[in-house]
Amino acid sequence: MKLLIPTEGSFGYKAMCLVLAGIYAWFLMGLDIDGYLDRRNYLIYAQHSDEIFAMYSASSLKAFITNEPVWLLLNIWASKHFSPENTLRIIIFLSSFLVSFLVLRSYPKYAFFLVLFILMPQVLKNHIIHLRQGAGITFFFLGWWCRYLPLRIFFIGLAPLVHASFFFIDALFLLNIVFSTYRISTVWRVVYTLGVGVVLGALGIWLAGALGARQGGSEEYSAMGSGGSGLAFLFWVAFSVIFFMEGKSFLRNNFFAASILIFYLSTYFLLPVTARVFESGMLILLLASLGLTDWRRYAAYGLYAFYFFMQWYPVLGIPGFGWAAEGRL
């Protein structure tokens with residue numbers, strides 16, 4: 001499996017990326033600490049993660065592993081040095097800075113689109129209302145772009161212990177290693193990934209409950225179906241058509257990104273958390289799509305712009321861009 005390796009930009013470009021990433025992270029860190037959805041829950045983590053960690057430690061090993069112990073350890077460490085509010089600010093700053101810097105420095109030729117990607121609501125919200133997921137993406141990206149294999153394995157392996165969606169992403173990652181090792185053809189890769197998607201989509205929430213993960217016991221997650229309108233499904237179907245029309249060579253080199261898309265589409269009507277899983281891997285897919293050629297490249301550019309506009313237009317003028325805490329609406 002061919003990993004995306006950052007293009008070497010000039011020293012000036014890297015310095016600019018550092019500055020932009022710093023501004024991006026500083027702005028997000030400076031938002032009203034309790035003015036957004038889920039911030040109260042994260043303040044509880046910042047105050048009581050040691051108690052939560054002890055509770056899961058006293059439970060079974062499978063429950064301990066599936067309930068994001070590294071996320072709890074991060075909060076335990078930070079809470080010993082900072083107030084709950086500053087603990088959240090530090091997590092927001094570090095995750096948004098590292099993710100944005102790694103993305104911005106990756107392909108200098110496409111700097112405009114890289115800025116577009118990190119400003120998409122589905123990316124921004126991981127540093128505003130889904131802080132645990134943003135931290136998980138940070139760990140995965142540190143591994144994804146690491147050239148030293150043991151560290152790559154270490155960071156990618158830690159990601160699901162920060163946010164559970166990466167159990168699915170890491171499963172796809174391992175599946176792609178198997179594909180590459182045994183030189184499975186592109187057609188069969190698609191078939192196998194669809195099969196894995198359908199099985200995990202049908203059994204995912206039951207499996208989470210069997211393993212003791214908190215998602216398995218939640219009524220919110222136990223409801224059947226993704227709850228989506230279907231518009232996102234149609235958009236990503238159109239995107240997948242363009243992506244797959246690039247040809248077998250492109251797909252072979254970028255099949256991990258393709259598998260994230262296949263998994264999302266195959267589980268859209270089956271797995272309630274499939275959108276969250278897709279959001280954890282969406283940047284990988286978008287970055288891979290920068291390698292499209294000919295008319296497919298321009299079609300993808302049009303879809304980027306359409307997606308950006310359609311996500312932002314409905315929330316302009318709404319308090320907190322639709323993410324404000326209930327009392328602030």
Side-chain angles (χ1 to χ4, degrees), residues 38 62-63 65-68 120-123 125-126 129-130 132-133 136-137 140 159-160 162-179 184 186-244 251 254-286 288-289 303 307 310-311:
D38 284 348
K62 60 184 181 182
I65 292 174
T66 55
N67 282 284
E68 302 152 336
M120 283 184 173
Q122 279 189 297
V123 175
K125 71 181 182 61
N126 293 322
I129 61 171
H130 294 157
R132 183 170 51 234
Q133 187 168 11
I137 292 170
F140 188 87
V162 178
H163 193 268
S165 65
F166 283 95
F167 280 112
F168 295 98
I169 298 294
D170 279 13
L172 294 174
F173 187 81
L174 291 173
L175 186 63
N176 277 271
I177 291 176
V178 172
F179 290 156
I184 305 297
T186 303
V187 172
W188 281 108
R189 291 185 188 198
V190 173
V191 172
Y192 290 143
T193 305
L194 279 171
V196 168
V198 171
V199 170
L200 289 179
L203 301 178
I205 295 300
W206 171 84
L207 184 61
L211 292 174
R214 57 186 173 78
Q215 292 87 349
S218 168
E219 294 182 3
E220 174 189 356
Y221 292 120
S222 298
M224 288 302 294
S226 69
S229 65
L231 294 178
F233 179 82
L234 293 176
F235 175 86
W236 290 108
V237 164
F239 193 94
S240 68
V241 170
I242 295 169
F243 200 86
F244 277 77
L251 284 175
N254 296 279
F255 198 80
F256 175 55
S259 69
I260 294 171
L261 183 56
I262 294 169
F263 180 84
Y264 174 63
L265 294 176
S266 65
T267 59
Y268 186 88
F269 298 104
L270 297 172
L271 187 65
V273 297
T274 191
R276 295 293 295 276
V277 175
F278 181 65
E279 287 163 5
S280 290
M282 190 175 74
L283 277 172
I284 297 291
L285 174 63
L286 292 174
S289 69
L303 288 177
Y307 193 64
M310 291 304 295
Q311 283 198 315

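Just so you know, these numbers come straight off a predicted model, no measurement behind them. Starting from 1, each residue takes its place in the sequence as its number.
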- request: Decide side-chain contact (heavy atoms from CB on, under 4.5 Å) for T274 and F168; before the verdict, give the C-alpha distance in whole Å, the side-chain angles of both, and the deciding distance to 0.1 Å.
  value: CA-CA 9 Å; T274 191; F168 295 98; over 6 Å; no

- request: To the nearest 0.5 Å, tell me how far D170 CG sits from F173 CZ.
  value: 7.5 Å

field: Any residue meeting side-chain contact (heavy atoms from CB on, under 4.5 Å) with I262, in chain and number order, not counting sequence neighbours
entry: V190, T193, L194, F244, F255

task: For F233, enumerate each residue passing the ring-ring contact (aromatic ring centres under 6.0 Å, His included) test, keeping only those at least two apart in sequence or located in another chain.
output: Y268, F269

Which atom of N126 lies closest to which atom of E279, heavy atoms considered: ND2-O, 4.3 Å

message: Once side chain to side chain donor-acceptor pair (under 3.5 Å) is applied, do any residues pair with H163, and if so which ones, sequence neighbours excluded?
response: S165, R276

Which atom of G136 lies closest to which atom of V162, heavy atoms considered: N-CG1, 3.5 Å

message: Nearest 0.5 angstrom please: E68 CD to F166 CZ, how far?
response: 11.0 Å

Output a table of donor-acceptor pairs, distance under 3.5 Å, between side-chain atoms of residues 234-243 and any protein atom two or more places apart or on a different chain; print 'none' if there are none.
residue	atom	partner	partner atom	Å
S240	OG	W236	O	3.4
S240	OG	V237	O	2.6

query: Run the side-chain contact (heavy atoms from CB on, under 4.5 Å) check on R189 and L251 step by step: do they pass?
result: CA-CA 10 Å; R189 291 185 188 198; L251 284 175; over 6 Å; no

- request: Would you give the length of the straight line joining atom CG of L271 to atom OH of Y264, rounded to the nearest 0.5 angstrom?
  value: 11.5 Å

statement: d(I177 CD1, L172 CG) to nearest 0.5 Å is 11.5 Å

- prompt: If you measure from CG on L203 to CG on L270, what distance do you get to the nearest 0.5 Å?
  reply: 10.0 Å

query: Of all residues at least two apart in sequence or in a different chain, which pass the side-chain contact (heavy atoms from CB on, under 4.5 Å) check with V196?
result: L175, L200

- line: CZ (F256) and CG (L285) are apart, to the nearest 0.5 Å, by 10.5 Å

ring-ring contact (aromatic ring centres under 6.0 Å, His included) against W206, all qualifying residues, sequence neighbours excluded: none

query: What pairs with I65 under side-chain contact (heavy atoms from CB on, under 4.5 Å), at least two apart in sequence or on another chain?
result: L61, L161, F167

task: Please report the closest heavy-atom contact between T267 and G197, naming both atoms and the distance.
output: CG2-O, 2.9 Å

